[in-house]
Amino acid sequence: VNACNDHLPQIYAISDTCVLAGSILELTIAASDADGDQVTLEASGAPLELPVDAAVLTPPFDVGLQPALSFVWNTTCNHVRSQPYIVTVRAKDNAIPVALTNVHTISIRVIAPRVEQLEAEMLPHGASLTWAQYDYCPNVTGIRVYRKMGSAPYQPDPCETGVRPGYQMIAELPADATSFHDDNNGMGFDQGVDYCYRVVAVFHDGAESRPSQEVCIQIPNNQPLMTKVSNDETDLIDGPVSV
């Protein structure tokens with residue numbers, strides 16, 4: 001072990017990103033060295049090793065003072081999964097006596113678009129939900145319906161999938177389902193409460209699509225309401241009470 005004045009090569013690349021299935025992801029990966037050394041830049045990872053529809057790295061590696069690589073991935077619905085894809089970038093200088101190597105990882109999630117045209121209609125004993133058939137990805141395995149009491153009108157982050165905490169999954173339906181009748185398992189709903197719904201598509205490993213927009217119904221409060229109780233006179237046996 002000896003003292004060394006050399007510096008690690010610097011890698012210029014994003015850390016985490018996502019891409020909507022069916023879209024093209026294009027990244028530029030570059031490197032340089034503060035000491036003016038030649039740098040060998042290369043990358044590897046699952047997107048570059050897929051048997052079908054793999055990403056393309058151009059050139060496969062580059063050597064120079066400012067090497068650069070172009071990463072292009074034409075994604076499909078078959079790339080949707082719950083875990084991200086990892087690309088590992090390595091930049092190695094030609095310093096003497098020891099060549100230094102810097103490593104950088106890029107996390108890429110391939111996500112599915114949301115279920116569209118979700119609508120809710122209040123019925124005498126529940127809610128009727130309908131949505132457009134999910135034909136964007138033919139490899140979808142099911143549809144999940146989520147419900148919560150009260151509205152949560154959030155705007156999902158660009159890479160956000162599934163629903164946020166507070167929603168309860170109330171049904172998992174076949175992939176071609178376009179409707180669901182919710183009667184709270186025959187128990188009915190509390191009156192005067194908003195019930196809100198979101199729907200997501202599900203894939204083979206449990207990966208969920210981006211959440212649908214939220215739709216809500218309000219159960220009217222039409223039960224008799226006690227407005228006044230007055231104890232006009234007390235007695236150990238009886239007494240008048242106005243209700």
Side-chain angles (χ1 to χ4, degrees), residues 11-31 41-62 67-91 102-118 131-146 154-165 167 169 171-178 198-214:
I11 298 174
Y12 306 96
I14 62 173
S15 297
D16 301 305
T17 189
C18 66
V19 58
L20 203 64
S23 302
I24 299 176
L25 177 64
E26 297 182 275
L27 303 175
T28 298
I29 304 169
L41 182 64
E42 56 187 358
S44 62
L48 297 162
E49 300 165 0
L50 294 171
V52 180
D53 298 317
V56 176
L57 194 66
T58 308
F61 66 93
D62 195 13
L69 305 173
S70 173
F71 176 95
V72 179
W73 191 10
N74 191 358
T75 63
T76 71
C77 286
N78 291 325
H79 297 139
V80 175
R81 69 181 192 184
S82 58
Q83 296 299 314
Y85 295 84
I86 302 299
V87 175
T88 302
V89 182
R90 294 179 178 83
N102 197 1
V103 179
H104 178 79
T105 58
I106 304 173
S107 174
I108 303 172
R109 294 184 62 211
V110 181
I111 62 177
R114 71 182 188 179
V115 177
E116 298 286 356
Q117 300 178 31
L118 176 62
W131 56 88
Q133 183 166 347
Y134 193 81
D135 53 8
Y136 187 94
C137 286
N139 58 328
V140 63
T141 60
I143 300 292
R144 288 176 180 167
V145 181
Y146 289 88
Y154 65 87
Q155 181 64 33
D157 297 330
C159 293
E160 184 175 358
T161 58
V163 297
R164 294 183 180 178
Y167 286 89
M169 187 178 73
E172 186 153 7
L173 309 173
D176 59 352
T178 57
R198 290 184 188 267
V199 175
V200 300
V202 189
F203 293 78
H204 70 282
D205 66 344
E208 294 185 329
S209 69
R210 289 179 54 76
S212 71
Q213 79 274 19
E214 181 188 72

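Values reported hereafter were calculated over all heavy atoms of this structure, with side chains retained and with hydrogens, waters and symmetry mates removed. Only a predicted model underlies this, so the values are computations on that prediction, with no experimental measurement involved.
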May I have all residue pairs that pass salt bridge (charged side-chain N to carboxylate O under 4.0 Å, His left out) and include part of residues 199-214, sequence neighbours excluded?
-> R144-E208
D176 and Q133: CA distance, side-chain angles, deciding distance, side chain to side chain contact (heavy atoms under 4.5 Å, CB included) verdict | CA-CA 6 Å; D176 59 352; Q133 183 166 347; 4.0 Å; yes
Return the minimal non-hydrogen interatomic distance between [X] and [Y], and the atom names on each side.
X	Y	result
L173	A177	CB-CB, 3.7 Å
A91	A31	CB-CB, 4.1 Å
V140	A201	CG2-CB, 3.7 Å
P211	P156	CG-CG, 3.5 Å
V80	A207	CG1-CB, 4.3 Å
V115	V200	CG2-C, 4.0 Å

Is there side-chain contact between [X] and [Y], with at least one heavy-atom pair below 4.5 Å?
X	Y	answer
P47	V87	yes
S82	F203	no
N78	N139	yes
L50	W73	yes
V72	I24	yes
R90	L41	no
D16	I106	no
V202	Y134	no

N/O donor-acceptor pair under 3.5 Å between [X] side chain and [Y] backbone:
X	Y	value
T178	W131	no
Y146	A171	no
H204	R81	no
S212	R198	no

Verdict with reasoning, H79 to D53, per side chain to side chain contact (heavy atoms under 4.5 Å, CB included) = CA-CA 9 Å; H79 297 139; D53 298 317; 3.6 Å; yes
Atom pair [atom1]/[atom2] of [X] and [Y] - distance to nearest 0.5 Å:
X	Y	atom1	atom2	value
F71	I14	CZ	CD1	9.5 Å
L69	L57	CG	CG	5.0 Å
I11	N102	CD1	CG	4.5 Å
D157	C18	CG	SG	9.5 Å

Using only heavy-atom distances, determine whether the side chains of R164 and Y154 contain a donor-acceptor pair under 3.5 Å.
-> no
R109 side chain to T161 side chain, donor-acceptor N/O pair below 3.5 angstrom = yes
Heavy-atom count around E49 CD within 6.0 Å, excluding the residue itself: above 12?
-> yes
Is atom CD of Q117 surrounded by more than 12 heavy atoms (other residues, nucleotides or ligands) closer than 6.0 Å?
-> no
Sorted by chain and residue number, the salt bridge (charged side-chain N to carboxylate O under 4.0 Å, His left out) partners of E116 (sequence neighbours excluded) come out as R114
Who are the side chain to side chain contact (heavy atoms under 4.5 Å, CB included) partners of Y12, not counting sequence neighbours?
-> Q10, A30, S32
Any chance you could lay out the side chain to side chain contact (heavy atoms under 4.5 Å, CB included) test for V199 and I143, step after step, and finish with the verdict?
-> CA-CA 7 Å; V199 175; I143 300 292; 3.3 Å; yes
Report the C-alpha distance between I111 and L20 in whole Å, list the side-chain angles of each, state the deciding distance to 0.1 Å, and finish with yes or no for side chain to side chain contact (heavy atoms under 4.5 Å, CB included).
-> CA-CA 5 Å; I111 62 177; L20 203 64; 4.0 Å; yes
